[in-house]
Amino acid sequence: MNIYDKQRYASGIPDGENDSLVTGAEALMRSLEYHGVDTIFGYPGGSIMPVFDALYDHRDRLNHILVRHEQGATHAAQGYARVSGKTGVCLVTSGPGATNTITGIADAMIDSTPLVVIAGQVGTEFLGTDAFQEVDLVGITQPITKWSYQIRRAEDVAWAVARAFYIAQSGRPGPVVLDFAKNAQVEKTAYIPSKVDYIRSYLPVPETDGDSIVRAAELINNAQRPLVLVGQGVELGNATQELREFIEKAGLPAGCTLLGLSALPTGHPLNKGMLGMHGNLGPNINTNKCDVLVAVGMRFDDRVTGNLNTYAKQAKIIHFDIDPAEIDKNVKADVAVLGDCKDTLAAVTRLLKPASHDGWLESFRTYEEVEEEKVIRPELHPAGHKLSMGEVVRAVSEATSDEAILVTDVGQNQMMAARYFRFSKPRSIVTSGGLGTMGFGLPAAVGATFGRPDRTVCVFMGDGGLQMNLQELGTVMEQNAPVKMILLNNNFLGNVRQWQAMFFNRRYSFTPMLNPDYMQIASAYGIPSARVCTRGELERGIADMLAAEGPFLLEACVVEEGNVLPMTPPGGSVNQMLLEC
């Protein structure tokens, strides 16, 4: 019995009904539609050509966005996923097409972004022969994915796609790779929709220990100086409302990680600002003064903790997380509350006693006043005539009524945007946190416009990061994607320059940048643009940008040697933040 007979026998297809068989490529298209995919970011090539041919007949249901580089496809899919709550999908060819996705896959893994990357592969008869554009994608990506699988038979397509989406979006989300052999793309199979909701040995949501709920509530009820650390897990778990009820009932001040910034409205009275190296004074210093530290959906990243040897040693630690691997990994928890935080937060809240902690909250106000005087006011109202990064960010935020989606690249632009942009809605920040990928911003912003076409998307970039994926302006042009691009141009690799200024005696080794005329580049892509260099020009430039129906590039010429402050020095403790260089 040959492979087609086996497929027909297994599917119960009577002889002569050949029309019921489809190619593996067609089975992929139908599987993607079955799992609710509406947008794909990709780039065609030889080993994935049968799939793109099948896609041609599904264009009215599957919107394919042609990027200009496969790394751009992964970052665009990340932006789409982060703002929509859906799984991002990429479609690329084998060899260099596949390896170009590696950075985005690794980025998605560390930032818990659901992604399914489908890559072409040479036919199974050529595997292991160093065939043209053959690469061991499964071997390369296994350490940086939740699951990597090679589809070698058309009959496995529906099952593999179902499994991929289940793994990518369940539990702690992350990337999955499907390596699609070319012979499997052209072979015929009977397409039967497949759904996976259980995998033996895979437990996406661990069972919650009821005793941990009770012990967490007891610690919080008896706390005099509690502090909540809010991570992206709150948004991934769709638990923003549960978080608010949790902190409001017990009067718990909260600080947010970079990726968790929009889990609480910026203006919420219990939101005390950003945690981490360039975060706000209050939540950072009080981390080492609190008596109970409650971490929710965050992983105690080194940029948040600083020196672990001095981190919150005085506090009892409560850690809410869906991933058991994060418990005790960096910071030992006194109480580990495993499970979906949407459920576990609500369970603990029911046991909490109403409280206010007025004296403890007053200590945050003291630090806020110091930071306002020494850092924030000078940044938002600089004495010189040159624009500062912070004032540009705040002006854009105010012009959008604090309702826009913020996308950032990596560097000083990222930290300034995180500090001075304000949030009023969940899922409003898209940035590369754990991997710190320069070049992330522009393609991620493109993806965000497709994930939430009803919202304004503003991306802040530095002159270094923009040039790392500058080619995606072609995607912006072709799609007329309404990305509002703000280039904070200081003619430096600003973040590295700041470290060189502070820790390497101002030895600016290869950080000054000779830049092109970005307005001419925008013009070549048919994208309207403006350059602003003074405060008087800034308001008009932002108004023109937001009034444009499609994309717009606003280049802001900012002070060249501006610094992001406060700052915890490398290896320092969270309560040792520098207020000046």
Side-chain angles (χ1 to χ4, degrees), residues 266-267 272-274 276-282 284-285 364-400 402 406 408-409 411-422 458 460-465 486-508 511-513 515 518 530-545 554-569 576-581:
T266 306
K272 299 306 173 184
M274 185 170 73
M277 177 175 281
H278 290 294
N280 295 105
L281 279 180
N284 279 289
I285 292 178
F364 286 89
R365 284 189 280 272
T366 300
Y367 292 122
E368 288 166 2
E369 292 171 0
V370 172
E371 187 174 354
E372 176 71 27
E373 177 186 352
K374 294 185 175 296
V375 177
I376 297 175
R377 192 177 301 128
E379 181 66 31
L380 296 183
H381 307 285
H385 66 280
K386 289 189 175 182
L387 293 171
S388 73
M389 287 190 182
E391 69 174 314
V392 175
V393 170
R394 180 58 61 84
V396 173
S397 183
E398 290 177 347
T400 60
D402 301 333
L406 168 69
T408 83
D409 209 88
Q412 286 187 317
N413 65 90
Q414 178 186 37
M415 293 295 99
M416 285 295 194
R419 283 185 55 81
Y420 294 106
F421 209 82
R422 295 173 61 86
C458 298
F460 288 86
M461 301 171 285
D463 40 319
I486 303 96
L487 170 61
L488 301 176
N489 189 356
N490 59 7
N491 297 304
F492 270 102
L493 295 176
N495 210 42
V496 183
R497 182 212 57 76
Q498 178 171 338
W499 282 50
Q500 289 173 335
M502 297 178 71
F503 311 116
F504 291 89
N505 299 317
R506 295 186 177 274
R507 290 160 58 88
Y508 294 159
T511 47
M513 295 195 72
N515 280 311
Y518 291 104
R531 179 182 293 122
V532 297
C533 300
T534 66
R535 253 156 237 116
E537 298 170 330
L538 179 60
E539 183 177 353
R540 177 58 185 272
I542 293 173
D544 289 345
M545 176 182 71
L554 179 65
E555 180 183 2
C557 302
V558 297
V559 59
E560 290 194 342
E561 295 191 43
N563 294 312
V564 186
L565 295 167
M567 180 181 183
T568 301
Q576 296 176 333
M577 300 195 81
L578 303 176
L579 295 177
E580 57 186 11
C581 293

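Minimum interatomic distance between V392 and L488 (heavy atoms only, all atoms of both residues): CG1-CD2, 3.7 Å. Shown here for H278 and P566, the closest heavy-atom pair between the two residues is ND1-O, 3.0 Å. In terms of heavy atoms, P378 sits closest to E372 at CD-O, 4.0 Å. When every heavy atom of G390 is checked against every heavy atom of M416, the shortest pair comes out as N-SD, 4.3 Å. Minimum heavy-atom separation, A399 to I542: CB-CG2, 3.6 Å. Across all non-hydrogen atoms, the minimal contact from F421 to V393 is N-CG1, 3.4 Å.
In this structure, the salt bridge (charged side-chain N to carboxylate O under 4.0 Å, His left out) partners of E371, at least two apart in sequence or on a different chain, are R419. By the salt bridge (charged side-chain N to carboxylate O under 4.0 Å, His left out) test, R506 is found to be paired with E561, residues two or more places apart in sequence or in another chain being considered. Every residue two or more places apart in sequence or in another chain that forms a salt bridge (charged side-chain N to carboxylate O under 4.0 Å, His left out) with R540 is listed here: D544. By the salt bridge (charged side-chain N to carboxylate O under 4.0 Å, His left out) test, R422 pairs with D402, sequence neighbours left out.
Taken to the nearest 0.5 Å, the CG atom of L565 stands 11.5 Å off from the CD1 atom of I376. Note that CD1 of I285 and CD of Q576 are 10.0 Å apart. Values are rounded to the nearest 0.5 Å. Here L487 contributes atom CG and E555 contributes atom CD; the two are 5.0 Å apart, rounded to the nearest 0.5 Å. The CE atom of M513 lies 5.5 Å from the CG atom of D463; values are rounded to the nearest 0.5 Å.
Residue R377 forms a side-chain contact (heavy atoms from CB on, under 4.5 Å) with just one option from E373, E379, K374, and that option is E373. Of the residues listed (N491, N489, N490), the one engaging E560 in a side chain to side chain donor-acceptor pair (under 3.5 Å) is N491, and it is the only one. Remark: of the listed residues L554, D409, V396, V396 is the sole one forming a side-chain contact (heavy atoms from CB on, under 4.5 Å) with F460.
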Task: Residue pair V375, L281: steps toward the side chain to side chain contact (heavy atoms under 4.5 Å, CB included) verdict - done: CA-CA 10 Å; V375 177; L281 279 180; over 6 Å; no
Open item on the list: One pair to check against side chain to side chain contact (heavy atoms under 4.5 Å, CB included): V558 and K386. What are the steps and the verdict?
Closed with: CA-CA 6 Å; V558 297; K386 289 189 175 182; over 6 Å; no
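Around CD of E539, the count of heavy atoms belonging to other residues, nucleotides or ligands within 6.0 Å does not exceed 12.
Here the side chains of E537 and R531 are not in contact, with every heavy-atom distance at 4.5 Å or above. Counting heavy atoms from C-beta outward, C458 and T400 have side chains that approach closer than 4.5 Å.
Side-chain atoms of R394 come within 3.5 Å of backbone atoms of Y420 as a donor-acceptor pair (strictly under, hydrogens ignored).
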Report all side-chain donor-acceptor pairs from residues 492-503 shorter than 3.5 Å, counting only partners two or more places apart or in another chain.
residue	atom	partner	partner atom	Å
R497	NH1	Y508	OH	3.3
R497	NH2	G562	O	2.8
R497	NH2	N563	OD1	2.8
Q498	OE1	Q412	NE2	2.9
Q498	OE1	V564	N	2.8
Q498	NE2	V564	O	3.0
Q500	OE1	T511	OG1	2.8
Q500	NE2	S509	O	3.2

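Identified under the ring pair (Phe, Tyr, Trp, His ring centres under 6.0 Å) test for residues 364-400, with sequence neighbours left out: W360-F364.
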